[in-house]
Amino acid sequence: MRGVFARLSERSPLAVVTTLKCLRSDEHKDLAEVYASDLTVARFLMTQHDFREGVRARLIDKDDRPHWDPESFEQANKLLDSQTGMG
């Protein structure tokens with residue numbers, strides 16, 4: 001289990017928080033609703049700083065040292081709530 005938490009800590013806090021909120025909100029939806037929700041979330045995440053930063057760190061500079069913004073899960077949760085009302 002420690003490996004899972006280590007891997008999550010390397011990921012974009014905004015993407016991790018968004019994924020968790022979506023999993024919780026999509027739990028009782030039918031498949032078509034989940035796909036529609038996933039498309040909306042993908043479009044949202046692709047407009048955020050962390051998407052570009054992840055591409056830079058992994059594919060362009062290949063340094064694997066992204067500078068996430070927001071930097072923590074708590075900050076990401078607050079940002080997501082204020083931008084999308086997904087609280």
Side-chain angles (χ1 to χ4, degrees):
M1 197 62 139
R2 207 165 68 197
V4 171
F5 291 117
R7 299 269 325 243
L8 284 175
S9 70
E10 297 170 356
R11 303 299 185 242
S12 158
L14 184 61
V16 172
V17 169
T18 301
T19 300
L20 179 59
K21 286 181 180 272
C22 288
L23 288 171
R24 288 177 175 161
S25 71
D26 289 347
E27 185 176 4
H28 299 291
K29 293 180 181 176
D30 65 38
L31 193 55
E33 291 174 308
V34 172
Y35 285 153
S37 173
D38 285 354
L39 181 58
T40 300
V41 168
R43 286 178 175 156
F44 168 75
L45 287 174
M46 288 181 3
T47 67
Q48 302 303 302
H49 165 270
D50 284 1
F51 180 78
R52 293 182 300 279
E53 180 60 15
V55 169
R56 182 212 56 81
R58 181 63 55 106
L59 301 175
I60 298 171
D61 294 344
K62 298 183 179 160
D63 63 9
D64 280 333
R65 290 187 294 205
H67 302 285
W68 303 128
D69 183 24
E71 296 178 353
S72 72
F73 295 125
E74 294 80 14
Q75 292 171 340
N77 197 43
K78 288 179 185 175
L79 178 68
L80 189 61
D81 288 345
S82 70
Q83 286 189 356
T84 64
M86 285 185 69

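Keep in mind that this is a model prediction, so the values were computed, not measured. One is the number of the first residue; the rest follow in order along the sequence.
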Student: Considering residues at least two apart in sequence or located in another chain, which fulfil the side chain to side chain contact (heavy atoms under 4.5 Å, CB included) criterion with A57?
Tutor: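 Counting only residues at least two positions away or on another chain, A57 forms a side chain to side chain contact (heavy atoms under 4.5 Å, CB included) with D63, P66.
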Student: Hey, does the side chain of S37 reach the backbone of E33 with a donor-acceptor pair shorter than 3.5 angstrom?
Tutor: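 It does not hold such a pair.
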Student: Where is the tightest heavy-atom contact between A6 and S9, given as atom of each residue plus distance?
Tutor: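 Closest approach of A6 to S9: O-OG, 2.7 Å.
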Student: Group every Ile, Leu, Val, Met, Phe, Trp and Tyr by side-chain heavy-atom contacts under 4.5 Å, then state whether V17 and W68 land in the same group.
Tutor: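 Different hydrophobic clusters.
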Student: Not counting sequence neighbours, which residues clear side chain to side chain contact (heavy atoms under 4.5 Å, CB included) with E71? List them please.
Tutor: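 Q75.
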Student: For L8, enumerate each residue passing the side chain to side chain contact (heavy atoms under 4.5 Å, CB included) test, keeping only those at least two apart in sequence or located in another chain.
Tutor: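 Only V4, V16 meet the side chain to side chain contact (heavy atoms under 4.5 Å, CB included) criterion with L8.
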Student: Other than V55, which residues form its hydrophobic cluster under the rule that side-chain heavy atoms must be closer than 4.5 Å?
Tutor: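 Listed partners: M46, F51, L59, I60.
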Student: Roughly how far, to the nearest 0.5 Å, is OG1 of T18 from CG of L45?
Tutor: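 Rounded to the nearest 0.5 Å, the CG-OG1 separation comes out at 5.0 Å.
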Student: With sequence neighbours excluded, what pairs up with K29 under the side-chain hydrogen bond (donor to acceptor under 3.5 Å, both in side chains) test?
Tutor: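 With sequence neighbours excluded, K29 shows a side-chain hydrogen bond (donor to acceptor under 3.5 Å, both in side chains) to D26, given in chain and number order.
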Student: According to side chain to side chain contact (heavy atoms under 4.5 Å, CB included), who are the partners of E74, at least two apart in sequence or on a separate chain?
Tutor: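 Side chain to side chain contact (heavy atoms under 4.5 Å, CB included) list for E74, sorted by chain: S72.
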Student: So, using side-chain hydrogen bond (donor to acceptor under 3.5 Å, both in side chains) as the criterion, who are the partners of D64 when residues are at least two apart?
Tutor: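 D64: side-chain hydrogen bond (donor to acceptor under 3.5 Å, both in side chains) contacts with R58.
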Student: Quick check for you: to the nearest 0.5 Å, what is the distance between N77 atom CG and F73 atom CZ?
Tutor: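 Taking CG in N77 and CZ in F73, the distance rounds to 11.0 Å.
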Student: Any side-chain hydrogen bond (donor to acceptor under 3.5 Å, both in side chains) pairs touching residues 42-53, not counting sequence neighbours?
Tutor: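 Matches after skipping sequence neighbours: S12-D50, E53-R56.
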Student: How close do P70 and A76 get, heavy atom to heavy atom, and via which atoms?
Tutor: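 Minimum heavy-atom contact is CG-CA, 3.4 Å.
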